[in-house]
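For the single chain, residues carry numbers from 1 onward in sequence order. No experiment lies behind these values; they were computed from the predicted model shown.
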Amino acid sequence: MDVQQLQLLLCERVGCTPDYVAGQAMVGASASLFGPVWPIKGIRHLPVGGTSGWYVWVGEYSDASDFFKPQHAQHILDSRPQVAGYLGLPPGWGFIIAPDYEDVWYDEELLVR
């Protein structure tokens with residue numbers, strides 16, 4: 001199944017319209033995301049300046065200016081394919097996933113700039 005199909009299925013399951021992200025789309029990712037650590041957390045703000053609006057990390061969140069680095073979505077999908085379906089969630093949505101755990105939610109506060 002391709003990434004877009006995974007995103008469509010997940011969005012149908014949680015009751016939202018997909019806003020597809022893949023390939024060259026830019027995502028803010030923590031350096032720790034690229035290891036074997038769980039859970040994976042993500043929130044999607046409104047896109048700004050050519051980004052997808054996604055911020056994805058593992059471990060403790062930090063508001064340090066260098067916590068998130070811009071990454072192409074494909075690099076994240078190659079490293080952590082478990083997030084593929086979740087990246088189709090539109091702005092305002094978030095997720096936490098781990099083996100045998102999933103939490104997906106909508107928070108309109110994520111839409112405030």
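When all heavy atoms of Val48 and Thr51 are compared, the closest pair comes out as O-OG1, 2.9 Å. Taking every heavy atom of both residues into account, Ser52 and Ala25 meet most closely at CB-CB, 4.5 Å. The shortest non-hydrogen separation linking Cys16 to Pro90 is SG-CD, 3.6 Å. For the residue pair Phe67 and Glu60, the shortest heavy atom distance occurs at CZ-O, 3.5 Å. Minimum heavy-atom separation, Asp19 to Pro91: OD2-CD, 3.5 Å.
The side-chain contact (heavy atoms from CB on, under 4.5 Å) check on Asp66 picks up Ala64, Lys69, with sequence neighbours excluded. In this structure, His75 has no side chain to side chain donor-acceptor pair (under 3.5 Å) partners at least two apart in sequence or on a different chain. Remark: Leu6 pairs with Met1, Ala84 by the side-chain contact (heavy atoms from CB on, under 4.5 Å) rule, at least two apart or across chains. Residues passing the side chain to side chain donor-acceptor pair (under 3.5 Å) test with Gln24 are His72, sequence neighbours excluded.
Using a 30° and 60° split on the angle between ring planes, Tyr61 and Phe68 fall in the tilted class, from 30° to 60°.
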Per-pair distances, 0.1 Å, donor-acceptor, side chain in residues 93-106, under 3.5 Å, sequence neighbours excluded:
unit_1 : atom_1 : unit_2 : atom_2 : d
Glu102 : OE1    : Arg13  : NH1    : 2.9
Glu102 : OE2    : Arg13  : NH2    : 2.8
Glu102 : OE2    : Tyr86  : OH     : 2.4

Residues 26-35, side-chain donor-acceptor partners within the protein, below 3.5 Å, at least two apart:
unit_1 : atom_1 : unit_2 : atom_2 : d
Ser30  : OG     : Ser32  : OG     : 2.9
Ser30  : OG     : Leu33  : N      : 3.4
Ser32  : OG     : Val58  : O      : 3.0

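Note on Val14: it clusters hydrophobically with Leu87, by side-chain heavy-atom contacts below 4.5 Å among ILVMFWY residues. Under the 4.5 Å side-chain heavy-atom criterion for Ile, Leu, Val, Met, Phe, Trp and Tyr, Trp54 and Leu46 are members of the same hydrophobic cluster. Note on Ile76 and Val37: same hydrophobic cluster, where clusters join Ile, Leu, Val, Met, Phe, Trp and Tyr whose side-chain heavy atoms are under 4.5 Å apart, directly or indirectly. Grouping the Ile, Leu, Val, Met, Phe, Trp and Tyr side chains by contacts below 4.5 angstrom, directly or via other members, places Leu89 with Leu111.
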Might you work through the side-chain contact (heavy atoms from CB on, under 4.5 Å) test for Arg44 and Val21, ending with a clear yes or no? CA-CA 11 Å; Arg44 191 169 189 188; Val21 170; 3.3 Å; yes
